[in-house]
Visitor: 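One structure is given below, represented as structure tokens, and several questions about it will come after.
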Amino acid sequence: MMTTDASTIGIAHYEEIEHPDTVAMQTLGFWLYLMSDLIIFATLFATFAVLGRNYAGGPTGKELFELPYVLVQTLLLLVSSVTYGLVMLAVHNGTRRWVLIGLAVTFLLGLGFVAMEIHEFHSLIAEGHGPNVSAFLSSYFTLVGTHGTHVTFGLIWMAVMIGQVAVKGLTSPVQSRLMRLSMFWHFLDLIWIGIFSIVYLMGVM
Amino acid sequence: MSQATIDSTGASRGSLKSYLTGFVLSLILTAIPFALVMSGTWSSSAILAGIFSAGIVQILVHLYYFLHLDTSSAARWNVLAMIFTILIMALFVGGTIWIMYSLHYRMM
């Protein structure tokens with residue numbers, strides 16, 4: 001809406017390479033995948049809602065969770081979502097250097113998030129609070145672990161995209177992939193809102 | 001040089017302003033529930049209501065400012081697919097909780 005001239009020229013240029021509908025269809029298709037992923041998370045949330053208070057004599061969320069730690073994780077993911085947004089702005093402006101810098105910053109923030117989660121899981125298991133202890137911990141590890149796995153795959157995808165931008169430049173297919181990765185990345189931040197609200201905040205109450 | 005922009009997809013339009021607005025709103029909507037739980041001054045049902053409303057508003061903020069979902073025609077199919085998914089999710093989550101809590105109640 002604000003870059004009407006630039007985008008008109010951009011699309012005209014784009015049509016020479018690939019039909020514009022292709023990108024729209026790829027985006028919609030990827031969105032449909034995200035929606036099916038959302039249903040996976042919905043079933044895991046439902047499982048947690050049912051089992052989350054069945055401690056079987058094991059520790060409760062109040063004893064295990066440290067909210068300041070979760071807050072730092074939340075901020076890492078939120079800031080990484082914004083830096084990825086800035087990457088997309090740089091893609092629109094065609095400034096390859098800023099795309100690479102933005103992707104690297106986003107990658108490091110995401111890596112920090114995953115490292116904190118692995119550290120949390122490791123210390124829980126090391127203290128004897130593994131997923132085999134209670135229904136609460138089983139559903140907790142499944143839900144949070146599934147999200148963490150998604151973030152890890154997002155990081156792998158991002159590393160690949162850093163390579164593609166560096167080697168191929170901002171070609172149309174590369175831009176289209178960056179676009180889909182941005183949807184994936186924002187989507188994971190969205191799921192995390194549900195996790196910190198339902199698992200951590202309500203678990204500590 | 002003129003780089004191709006992907007503008008017709010319904011999910012790519014964003015500006016620095018929209019990302020920063022989304023960021024500030026998300027910070028506030030994250031701070032509220034954490035502060036409510038960590039201070040613990042309210043009653044638990046009030047805190048619960050606070051967590052849920054802040055969470056839902058933050059999800060809407062993310063959808064609008066980060067994923068750029070709105071009522072424009074470009075985003076129509078994305079929004080329709082999401083509404084359908086929310087329906088399925090409501091059936092899954094609501095139905096599961098309803099049945100399991102009812103079962104729990106009757107077995108006590």
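In the text below, chain A, chain B and the rest are named by the order of the sequence lines, each starting its count at 1.
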Visitor: Is it the side chain or the backbone of B:Tyr101 that comes within 4.5 Å of chain A heavy atoms, both, or neither?
Guide: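 Side chain of B:Tyr101 only, per the 4.5 Å heavy-atom cut-off to chain A.
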
Visitor: If you compare all heavy atoms of A:Leu190 against all heavy atoms of B:Ile59, which two are closest, and at what distance to 0.1 Å?
Guide: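 That would be CD1-O, 3.7 Å.
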
Visitor: Is A:Ser197 close to chain B through its backbone or its side chain, or both, or neither, when contacts mean heavy atoms under 4.5 Å?
Guide: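 Its backbone and side chain both get close to chain B.
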
Visitor: Can you tell which part of B:Met82 gets under 4.5 Å to a heavy atom of chain A, answering side chain, backbone, both or neither?
Guide: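 For B:Met82, heavy atoms of backbone and side chain both lie under 4.5 Å from chain A.
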
Visitor: Rounded to the nearest 0.5 Å, what separates atom CE in A:Met202 from atom OG in B:Ser44?
Guide: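 The CE atom of A:Met202 sits 10.5 Å away from the OG atom of B:Ser44.
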
Visitor: Is there a side-chain contact between A:Leu38 and B:Ile88 (heavy atoms, below 4.5 Å)?
Guide: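 When only atoms from C-beta onward are counted, B:Ile88 and A:Leu38 do not touch, as no gap falls below 4.5 Å.
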
Visitor: State, with a plain yes or no, whether a side-chain heavy atom of B:Met89 is found less than 4.5 Å away from one of A:Phe45.
Guide: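 They are not in side-chain contact.
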
Visitor: So for atom OH, which belongs to B:Tyr64, do other residues, nucleotides or ligands contribute more than 12 heavy atoms lying within a distance under 6.0 Å?
Guide: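 Incorrect, the count does not exceed 12.
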
Visitor: Between B:Phe34 and A:Phe196, is there a side-chain heavy-atom distance shorter than 4.5 Å?
Guide: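 SC-SC contact between A:Phe196 and B:Phe34 confirmed.
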
Visitor: Does the pair A:Val79 and B:Phe23 meet the rule for a side chain to side chain contact (heavy atoms under 4.5 Å, CB included), with working shown?
Guide: CA-CA 8 Å; A:Val79 174; B:Phe23 179 54; 3.9 Å; yes

Visitor: Go through the atoms of A:Leu201 and report whether side chain, backbone, both or neither lie under 4.5 Å from a heavy atom of chain B.
Guide: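 Backbone plus side chain of A:Leu201, per the 4.5 Å heavy-atom cut-off to chain B.
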
Visitor: How long is the straight-line distance from CG of B:Leu63 back to CZ of A:Phe187, given to the nearest 0.5 Å?
Guide: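 Reported to 0.5 Å precision, the distance equals 10.5 Å.
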
Visitor: Counting only non-hydrogen atoms closer than 4.5 Å, does A:Leu75 touch chain B with its backbone (N, CA, C, O), its side chain (CB onward), both, or neither?
Guide: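 The side chain, not the backbone.
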
Visitor: Can you tell me which portion of A:Leu89 sits under 4.5 Å from chain B's heavy atoms? Options are side chain, backbone, both or neither.
Guide: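 Only the side chain of A:Leu89 comes within 4.5 Å of chain B.
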
Visitor: Using non-hydrogen atoms only, which part of B:Ile86 is less than 4.5 Å away from chain A: side chain, backbone, both, or neither?
Guide: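 No part of B:Ile86 comes within 4.5 Å of chain A.
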
Visitor: I'd like to know whether OH of A:Tyr55 has more than 12 heavy-atom contacts from other residues, nucleotides or ligands below 6.0 angstrom.
Guide: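 For A:Tyr55, atom OH is crowded (more than 12 foreign heavy atoms under 6.0 Å).
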
Visitor: Determine whether more than 12 heavy atoms belonging to other residues, nucleotides or ligands lie under 6.0 Å from atom CZ of A:Phe153.
Guide: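 No - once you tally the heavy atoms of other residues, nucleotides and ligands closer than 6.0 Å, there are 12 at most.
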
Visitor: Taking side chain as C-beta onward, heavy atoms only, is A:Pro68 less than 4.5 Å from B:Met38?
Guide: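 Side chain of A:Pro68 against side chain of B:Met38, heavy atoms only: contact under 4.5 Å found.
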
Visitor: With the side chain counted from C-beta on, respond yes when A:Met205 and B:Ile51 share a heavy-atom pair under 4.5 Å apart, and no when they do not.
Guide: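 In short, these two side chains touch, coming nearer than 4.5 Å.
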
Visitor: Out of curiosity, B:Trp77 CH2 to A:Thr27 OG1, how far, rounded to the nearest 0.5 Å?
Guide: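 Rounded to the nearest 0.5 Å, the CH2-OG1 separation comes out at 15.5 Å.
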
Visitor: CZ/B:Phe84 to CE/A:Met35 distance, rounded to the nearest 0.5 angstrom?
Guide: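 Rounded to the nearest 0.5 Å, the CZ-CE separation comes out at 12.0 Å.
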
Visitor: Using a cut-off of under 4.5 Å for heavy-atom pairs, which of B:Gly22, B:Pro33, B:Ala31 has the most such pairs with chain A?
Guide: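 Maximum pair count with chain A is reached by B:Pro33.
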
Visitor: If I compare all heavy atoms of B:Val93 with all of A:Ala42, which pair ends up nearest, and what's the gap?
Guide: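 Smallest interatomic distance, heavy atoms only, reads CG2-O, 3.5 Å.
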
Visitor: Are any non-hydrogen side-chain atoms of A:His186 and B:His62 less than 4.5 angstrom apart?
Guide: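 Side chain of A:His186 against side chain of B:His62, heavy atoms only: no contact under 4.5 Å found.
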
Visitor: Centroid separation under 6.0 Å, is that true for the rings of B:Phe66 and A:Tyr84?
Guide: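 No - the distance between ring centres of A:Tyr84 and B:Phe66 does not fall below the 6.0 Å cut-off.
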
Visitor: Starting from the C-alpha separation in whole Å, work towards a yes-or-no answer on side chain to side chain contact (heavy atoms under 4.5 Å, CB included) for B:Leu69 and A:Trp31.
Guide: CA-CA 11 Å; B:Leu69 278 190; A:Trp31 180 255; 3.6 Å; yes

Visitor: Measure the spacing between CD of B:Gln58 and CG of A:Asp189 and express it to the nearest 0.5 Å.
Guide: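 Atom-to-atom, B:Gln58:CD and A:Asp189:CG are 7.0 Å apart.
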
Visitor: Under a 4.5 Å cut-off applied to non-hydrogen side-chain atoms, are B:Asn78 and A:Leu32 in contact?
Guide: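 B:Asn78 vs A:Leu32: side chains apart.
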
Visitor: So with a 6.0 Å cut-off around CD of A:Glu63, is the heavy-atom count from everything else above 12?
Guide: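 Yes, CD of A:Glu63 has more than 12 neighbouring heavy atoms, counting only those of other groups under 6.0 Å.
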
Visitor: Out of A:Thr74, A:Leu71, A:Ile198, return the one with the most heavy atom pairs under 4.5 angstrom to chain B.
Guide: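 Max contact count across the listed options: A:Leu71.
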
